[in-house]
Amino acid sequence: MHNISDESPLVAERVAPMAPPLPGPATISYNQKGLVMNGSQPRGYSRVSTSAKDLWERLFDEGYKADVYINTDNGGIIYAHANILGMASHVMQGMLKKSKRRGRQRLISIHGVPHDAVRVFIRYLYSSCYEKEEMEEFVLPLLVLSHTFVVPQLKQACVQQLEQGLLTIENVIDIFQLALLCDAPRLSFICHRMIHRNLKAVSATEGWQVMKQSHPVLEKVLLQSVIDEDNRRKQRIRKINERKIYLQLYEAMEALIHICRDGCKTIGPHDKDFKANQSPCNYAACKGLELLVRHFAGCKLRVPGGCIHCKRMWQLLELHSRLCANSDSCRVPLCRSFKERIMRQSKKDEIKWRILVKKILRTKTIAGSPFFSWAISSST
């Protein structure tokens with residue numbers, strides 16, 4: 001080899017060498033007759049040449065020196081090779097060891113599924129390929145065969161095909177039962193979700209009626225799961241609505257402090273100087289609270305229980321006092337009086353108020369707020 005001198009263009013210009021060209025057409029992924037490899041359309045490049053794939057296809061199709069006869073339904077026979085079947089599936093390997101022999105030939109049987117489905121399955125063991133049309137026609141038998149003979153790649157491909165459009169209202173019950181038998185949790189979850197969303201339509205199908213006769217326990221489980229899901233949905237809605245209420249109460253507490261300390265528009269402390277060009281208020285609850293304060297100030301039935309609006313104002317004032325950090329310097333009316341009244345309240349009322357305060361604090365996550373730090377420490 002020749003040494004590269006310092007005057008070489010590669011050294012002088014620090015230019016990286018050119019990359020080798022991409023592989024030629026001889027090594028392009030196998031995509032003959034619309035075949036699908038390993039459950040997905042081939043992409044990029046494969047290290048297995050097209051000629052090698054063709055060789056595996058010919059070996060299966062022609063059955064050259066086949067030493068296994070597979071008996072299927074309706075008297076069908078499929079020729080295969082023991083070495084290939086045994087390497088592709090350890091379950092098949094165990095069957096071959098226990099199979100009957102006729103000279104050098106082994107005899108095994110695969111019944112309960114169509115002959116063509118078995119042929120597609122055995123062909124997959126040779127080349128890891130299947131035709132799209134055959135998959136759509138035999139997806140359920142192939143799911144059973146891939147589970148029975150432990151071929152995870154084909155099983156995953158079957159599940160994906162069912163998820164991506166082969167699952168319908170008419171067949172969802174059958175596929176759901178099959179998914180449970182074949183240990184396909186994702187598929188069973190998708191089927192269960194479809195059943196729950198379309199229970200009325202699904203319960204009118206033939207599959208549901210057959211399940212009702214053959215598996216009444218499964219029908220009860222499905223109906224109970226639908227009831228449980230509805231209860232959980234209602235509980236989520238109830239919690240969301242409760243959270244909105246607690247959030248509104250917190251915003252009302254902020255607006256109350258804002259009105260009594262800083263003043264808002266035309267209402268505020270007696271020493272507040274209101275200006276005509278006042279900046280707009282940022283508290284959404286101020287408008288409603290302003291009307292409530294004005295009513296409370298002029299109502300003649302202001303005693304607790306006498307007026308529903310005044311009763312609401314009393315409750316807001318008491319709630320503020322339980323959240324207030326410093327009643328001595330607080331400018332909200334009756335804050336200190338309510339603090340003293342809390343000490344004389346019954347235990348039952350005290351527990352109710354503590355729960356309300358804790359939920360408001362948890363909803364807003366206001367730990368460290370200067371106004372409500374006392375409430376946080378007392379509620380824990």
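Sequence positions, counted from 1, serve as the residue numbers for this chain.
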Salt bridge [X]-[Y], side-chain N to carboxylate O under 4.0 Å:
{"X": "Glu350", "Y": "Arg344", "result": "no"}
{"X": "Arg233", "Y": "Glu229", "result": "no"}
{"X": "Arg123", "Y": "Glu131", "result": "yes"}
{"X": "Asp61", "Y": "Arg119", "result": "yes"}

Partners meeting side chain to side chain donor-acceptor pair (under 3.5 Å) with Tyr126 (sequence neighbours left out):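 Expected list: His81.
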Partners meeting side chain to side chain donor-acceptor pair (under 3.5 Å) with Asn231 (sequence neighbours left out):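 With neighbours one apart ignored, the set is empty.
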N/O donor-acceptor pair under 3.5 Å between Glu251 side chain and Cys286 backbone: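 Looks like no, no N/O pair under 3.5 Å.
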Asn241 side-chain N/O to Ile237 backbone N/O, donor-acceptor pair under 3.5 Å: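 Looks like yes, one N/O pair under 3.5 Å.
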Arg186 side chain near Glu163 side chain, heavy-atom distance below 4.5 Å: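 SC-SC contact between Arg186 and Glu163 confirmed.
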Within-4.5 Å side-chain heavy-atom neighbours: Gln153 and Ser128: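 They are not in side-chain contact.
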Aromatic centroids of Phe121 and Phe149 separated by under 6.0 Å: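 Yes, the ring centres sit under 6.0 Å apart.
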Any residue meeting side-chain contact (heavy atoms from CB on, under 4.5 Å) with Asn71, in chain and number order, not counting sequence neighbours: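 Per chain and number, Asn71 pairs via side-chain contact (heavy atoms from CB on, under 4.5 Å) with Ile77, Ser109.
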Non-neighbouring partners of Ile355 that pass side-chain contact (heavy atoms from CB on, under 4.5 Å), sequence neighbours left out: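 With neighbours one apart ignored, the set is Ile351, Lys359.
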Modelled atom types, side-chain donor and acceptor of His111 and Asp73, under 3.5 Å: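 Their side chains do contain a donor-acceptor pair, which is all the 3.5 Å distance test asks for.
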Selection residues 172-229 - residue pairs positive for ring-ring contact (aromatic ring centres under 6.0 Å, His included), sequence neighbours left out: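 Qualifying pairs: none.
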Salt bridge (Lys or Arg N to Asp or Glu O under 4.0 Å) involving Arg101 - partner list, sequence neighbours excluded: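 Arg101 satisfies salt bridge (Lys or Arg N to Asp or Glu O under 4.0 Å) with no other residue.
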